[in-house]
Visitor: 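Okay, here's the structure, questions in a sec.
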Amino acid sequence: MQSKSFYAKVYKIVSKIPKGKVATYQTIARLAGSPGAARAVGTAMKNNPDMKTIPCHRVVGSDGKMRGYSAGIGIITKIQMLKAEGVDIVGDRAQLQTSAWKT
DNA sequence: CATTTGACAGGAA
DNA sequence: CTTCCTGCCAAAT
């Protein structure tokens with residue numbers, strides 16, 4: 001059922017990302033039904049209607065690099081949270097080879 | 001319907 | 001490595 005808006009799907013999908021894993025904007029866009037709409041996904045994250053239920057910190061760029069974060073100090077806080085959850089992080093980059101989320 | 005806005009992606013310099 | 005540009009997409013105004 002496609003009655004929900006693209007953003008609504010994005011929020012639902014992001015909230016399903018398991019702890020210790022990360023997903024790229026591209027992947028989320030694809031799961032939301034619009035492959036290539038990574039940019040729209042980013043806009044949805046920025047809207048962030050519920051940061052308590054939407055672990056937007058588990059969403060990273062195509063190369064595992066963080067693109068942005070509206071809470072905490074910024075990118076630094078995002079990296080620290082991911083590391084604390086068990087995501088394999090090297091420097092400022094998440095290792096998608098070992099921590100990429102997939103259905 | 002036209003324009004603007006972005007937490008993107010990929011490539012070129 | 002950084003910086004700039006182009007292409008892409010959905011939502012808001």
Side-chain angles (χ1 to χ4, degrees):
Chain A
M1 82 124 109
Q2 321 287 332
S3 33
K4 297 258 181 210
S5 297
F6 178 77
Y7 283 16
K9 290 187 177 183
V10 172
Y11 303 138
K12 188 169 182 172
I13 293 165
V14 172
S15 65
K16 283 172 181 162
I17 302 176
K19 173 172 168 283
K21 295 282 185 179
V22 293
T24 67
Y25 293 95
Q26 245 180 5
T27 298
I28 294 169
R30 179 171 62 77
L31 295 176
S34 298
R39 216 165 192 172
V41 173
T43 306
M45 295 289 94
K46 180 172 155 252
N47 274 310
N48 196 347
D50 285 297
M51 75 191 224
K52 298 203 176 273
T53 57
I54 303 172
C56 31
H57 57 268
R58 292 189 190 141
V59 185
V60 298
S62 59
D63 53 357
K65 190 75 158 46
M66 292 89 195
R67 297 282 175 167
Y69 197 56
S70 308
I73 303 171
I75 303 301
I76 310 300
T77 306
K78 185 164 167 178
I79 295 172
Q80 292 182 344
M81 283 198 304
L82 289 174
K83 286 175 94 171
E85 293 190 347
V87 178
D88 191 7
I89 306 279
V90 177
D92 61 339
R93 209 183 321 171
Q95 302 301 285
L96 298 176
Q97 278 183 96
T98 59
S99 302
W101 175 61
K102 53 195 99 160
T103 49

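If you're wondering where the values come from, they're calculated on a predicted model, not measured in any experiment. A, B, ... follow the sequence lines: proteins, then strands. Residue 1 opens every chain.
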Visitor: Please tabulate, for the side chains in residues 81-97 of chain A, all donor-acceptor contacts under 3.5 angstrom to protein atoms that are two or more places apart in sequence or on a different chain.
Guide:
{"residue": "Glu85(A)", "atom": "OE1", "partner": "Arg58(A)", "partner atom": "NE", "Å": "2.8"}
{"residue": "Glu85(A)", "atom": "OE1", "partner": "Arg58(A)", "partner atom": "NH2", "Å": "3.2"}
{"residue": "Glu85(A)", "atom": "OE2", "partner": "His57(A)", "partner atom": "NE2", "Å": "3.3"}
{"residue": "Glu85(A)", "atom": "OE2", "partner": "Arg58(A)", "partner atom": "NH2", "Å": "3.1"}
{"residue": "Asp88(A)", "atom": "OD2", "partner": "Thr98(A)", "partner atom": "OG1", "Å": "3.3"}
{"residue": "Asp92(A)", "atom": "OD2", "partner": "Lys65(A)", "partner atom": "NZ", "Å": "2.7"}

Visitor: Please give me the minimum heavy-atom distance between Ala71(A) and Met51(A), naming the atom from each residue.
Guide: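 Scanning both residues completely, I find the closest heavy atoms to be CB-CE, 4.1 Å.
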Visitor: For Thr43(A), which residues count as a side-chain hydrogen bond (donor to acceptor under 3.5 Å, both in side chains) partner, sequence neighbours excluded?
Guide: none
Visitor: Counting N and O atoms only, with roles assigned by atom type, does the side chain of Ser5(A) sit under 3.5 Å from a partner on the main chain of Ala8(A), one being a donor and the other an acceptor?
Guide: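 Looks like no, no N/O pair under 3.5 Å.
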Visitor: What distance do Ser70(A) atom OG and Asn47(A) atom CG have between them, rounded to the nearest 0.5 Å?
Guide: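 Output value for this atom pair is 10.0 Å.
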Visitor: Among residues 81-95 of chain A, which contact DNA chain B at a heavy-atom distance under 4.0 Å?
Guide: none
Visitor: Under 3.5 Å, which N/O atoms of the protein pair with N/O atoms of nucleotides 10-13 of chain C?
Guide:
{"residue": "dA10(C)", "atom": "OP1", "partner": "Ser34(A)", "partner atom": "OG", "Å": "3.2"}
{"residue": "dA11(C)", "atom": "OP1", "partner": "Phe6(A)", "partner atom": "N", "Å": "3.1"}
{"residue": "dA11(C)", "atom": "O4'", "partner": "Tyr7(A)", "partner atom": "OH", "Å": "3.3"}

Visitor: Quick one: does Asp50(A)'s side chain have a donor or acceptor within less than 3.5 Å of a partner on Thr53(A)'s backbone?
Guide: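 Looks like no, no N/O pair under 3.5 Å.
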Visitor: If you group Ile, Leu, Val, Met, Phe, Trp and Tyr whenever their side-chain heavy atoms sit less than 4.5 Å apart, what else falls in with Val41(A)?
Guide: Phe6(A), Tyr7(A), Val10(A), Tyr11(A), Ile13(A), Val14(A), Ile17(A), Tyr25(A), Ile28(A), Leu31(A), Met45(A), Ile54(A), Val59(A), Trp101(A)
Visitor: Roughly how many Å is it from CE in Met45(A) to P in dG6(B), rounded to a whole number?
Guide: 16 Å
Visitor: Please check if atom CD1 in Ile75(A) has more than 12 non-hydrogen atoms from other residues, nucleotides or ligands closer than 6.0 Å.
Guide: yes
Visitor: So which heavy atom on Asn48(A) is nearest to which on Cys56(A), and how close?
Guide: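 The pair with the smallest heavy-atom distance is ND2-SG, 3.3 Å.
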Visitor: Between Lys78(A) (side chain only) and Gly68(A) (backbone N and O only), is there a donor and an acceptor less than 3.5 Å apart?
Guide: yes
Visitor: Round to a whole Å and report the spacing from CD1 of Ile79(A) to P of dA7(B).
Guide: 17 Å
Visitor: Return the value, rounded to whole Å, for the distance between atom CD1 of Ile28(A) and atom P of dG6(B).
Guide: 20 Å
Visitor: If you look at every strand shown and take non-hydrogen atoms under 4.0 Å, does Thr24(A) touch a base, only sugar-phosphate, or nothing?
Guide: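 Nothing: the residue Thr24(A), judged by heavy atoms under 4.0 Å, touches no strand.
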Visitor: Below 4.0 angstrom, which residues in residues 59-67 of chain A have at least one non-hydrogen atom near DNA chain B?
Guide: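 Heavy-atom contacts with DNA chain B come from Gly61(A), Ser62(A), Arg67(A).
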Visitor: Determine the minimum heavy-atom distance between Ala29(A) and Gly36(A), stating which atoms define it.
Guide: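 Here Ala29(A) and Gly36(A) meet closest at CB-N, 4.3 Å.
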Visitor: What I want to check is whether an N or O donor and acceptor connect the side chain of Tyr25(A) with the base of dA9(B) at under 3.5 Å.
Guide: no
